[in-house]
Amino acid sequence: MGEPFFCKTFRDFYDAVSHDEPSLEVLLDAVERSLPPLAADKAIGQVDVVLSFPPSVYAPQGIHIQRCCYKSSFELDEQPYGKTFSCGEGGMATITVRAKKGAVWSDADKADFDVLMGMLAGLCTSCRLRQLLDGIECVDMLTGALNTRGFVREAARLLAADTSTSYAAVYSDIKNFRSVNRMTEPADGDAVLKKYCAVLRTLVEPGSLLCRPCADTFLVLIRKERLDQYLAGLGDIAVAADVGGRTSLLHFAARCGVFVLPGSPAEPRPASFAAQDIVRNVSVALTEAKKSHVEDVVMFRQEFLDERLHTRGIASSFPDALARMEFLVYYQPIVRLETNVLCGCEALSRWQRDRMVFPAEFIPALEDEGSIRNLDFYMLEAVCHDIRQWKEAGIEPVRVSTNFSKASLSDDSLEETILSIMQKYGVEGKYIEIELSDLADFRHVERLAGFVAAMKAHGISTSIDNFGAGSTPLNLLRSLRAGTLKLDKSLTDAVSPDVQNSPDKAICHAVVSLSRQLGMETVAAGVESRYQADFLRKLGCSKAQGFLYDRPLPHDEFEQRLVGLRVYD
């Protein structure tokens, strides 16, 4: 069979060091442990390894390792034998061997050393490549911070090694970073994020974890005693940016969700706690911070998570509930204030499950999950179905207002879908009014104005809902040319005989006056007393709805209103 390629000592050495070690340091540890038998066999007195890799996003300081992997107790020959190998990524590995004093190496010995050194360089290259692949999976390529996968992995290691230190996680979102993207080129925006991340590194101590999950959000895990200092630092971070060819100093604040982890010297962290829990809890807290108009920093509370789980439960059961037609249409009458005559109604959804579920419980969940559009169209189709049945039965319907969410209003095909549903049931435009809600931060004003104009061209009225509840911009009233402005119940509630000259009454007066000057009808929601109705009628408010006249009615009860005198006492 001939001589074996390599001696047993070499094969044993290779078997000992050829595992997929997690780092270069661990690999060199294995080399150091395994070299003595081979060194004795070949009269080797010393083996040195020098590794050098340039800085990169995965190793911002570069990698520089110098290791004596073997040294005998004998005197050494003065002349080393070594080679330098390219390891990719601009890295180099220099490996040298020195003989015991008096040993003479033949050319065959040096050829064996060439194989040994090449093998060690190859193992180092392979190990570094695995580290790079691991970095791609766990490190954000733009900033060099951890990504979410890397954060969870490193947090699990940190928490497993230390169960008694109190830690806090902060998930921050840069406020108004969109303005940077609008003012700069994409590359300049990326440069700002890199500089911002570099500032965050100065705010956290060594051993903390810094992560960029996505876009302009950052997540850190720090010792709890550093929490206040870190949050204070987030309050104003200045970054130099290229804006329009000029360098400007931009100042950023942040919204933050904070989660203080269980675990302290007095009460160690439970073994059941997982690193994924950090990301989940702190994300929930940040969501609450984004919703808040008052607080930029929100601490995690268990009820936030309970609400999120409830939301997901609703969203997951929604498609089947819609298919089973569990959503019912209730109609709340709208009356003309001058005559108290029924002149319209608002279609309101109710979810009939094992109990009656009201919109306040499921609408926010569907808005968060994006499923609300399906309910919008379901409600319109149910309304059109009812209108057709009433017409076929000889009952003259009134105009029905149906609500469309912001998610639906952003759909370019909304007009076509609405018209196709109405055409399917043969419903004329005069019987439908589209209520536009949640317009406080709606950005596509031109798109919305085009939709309102398209509806008007087909005889379909539009109304701006919940005016006075939030911060609907006044320029929307001018731009949209909607037919109706609906006063929110919060304004109507403020109308009381107990206070004669309240600011709230003045606001109602101003809004009704503005609506009339813009050629819009005004509907007051939530009218519950005769005093409110009389006050609003004197202001010139056109219509009203509320418990003074009727609660929301199921189909059959509302139908009785349609076939009756239609006049409220």
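- Within a 6.0 Å sphere centred on CE of Met325, heavy atoms belonging to other residues, nucleotides or ligands number 12 at most.
- Here the side chain of Lys290 pairs no donor or acceptor atom with the backbone of Arg255 at under 3.5 angstrom.
- The backbone N or O of Met520 sits less than 3.5 Å from a side-chain atom of Ser515, completing a donor-acceptor pair.
- Figure legend: cation-pi geometry between Arg388 and Tyr425 absent, as NZ or CZ is not positioned both under 6.0 Å from the six-membered ring centre and within 45° of its axis.
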* Can you list the steps and then say if Arg561 with Cys345 is a side chain to side chain contact (heavy atoms under 4.5 Å, CB included)? -> CA-CA 11 Å; Arg561 302 292 192 273; Cys345 63; over 6 Å; no
* Begin with the C-alpha distance, continue with both residues' side-chain angles, and end with the deciding distance and a verdict on salt bridge (Lys or Arg N to Asp or Glu O under 4.0 Å) for Glu338 and Arg336. => CA-CA 6 Å; Glu338 283 293 337; Arg336 193 167 294 280; over 6 Å; no
* **Test side-chain hydrogen bond (donor to acceptor under 3.5 Å, both in side chains) applied to Asp550 and Tyr568, step by step** => CA-CA 9 Å; Asp550 247 328; Tyr568 287 86; 2.6 Å; yes
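- Crowding of Lys456 atom NZ: a count of heavy atoms from other residues, nucleotides or ligands under 6.0 Å not exceeding 12.
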* Kindly indicate, with the supporting measurements, whether the criterion salt bridge (Lys or Arg N to Asp or Glu O under 4.0 Å) is fulfilled by Glu361 and Arg355. => CA-CA 12 Å; Glu361 188 172 342; Arg355 61 182 177 87; 2.6 Å; yes
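- A side-chain donor-acceptor contact under 3.5 Å links Ser529 to the backbone of Gln532.
- The backbone N or O of Phe327 lies less than 3.5 Å from a partner atom in the side chain of Tyr378, making a donor-acceptor pair.
- For Asn374, there are no side-chain hydrogen bond (donor to acceptor under 3.5 Å, both in side chains) partners at least two apart in sequence or on another chain.
- Checking Leu200, Leu193, Thr148 one by one against Arg212, the side chain to side chain contact (heavy atoms under 4.5 Å, CB included) holds for a single residue, Leu193.
- Nearest heavy atom pair, residue Ile334 against residue Glu346, reads CD1-N, 4.2 Å.
- Within the 6.0 Å centre-distance limit, the rings of Phe218 and Tyr196 are counted as a close aromatic pair.
- The residues Arg447 and Asp412 are annotated as salt-bridged, a charged nitrogen and a carboxylate oxygen being separated by less than 4.0 angstrom.
- Under 4.0 Å is where a charged nitrogen must lie from a carboxylate oxygen, and between Asp534 and Arg537 at least one such pair does.
- In this structure a side-chain-to-backbone donor-acceptor pair under 3.5 Å is missing from Ser371 to Leu366.
- Ring planes of Phe558 and Trp390: tilted class, angle from 30 to 60°.
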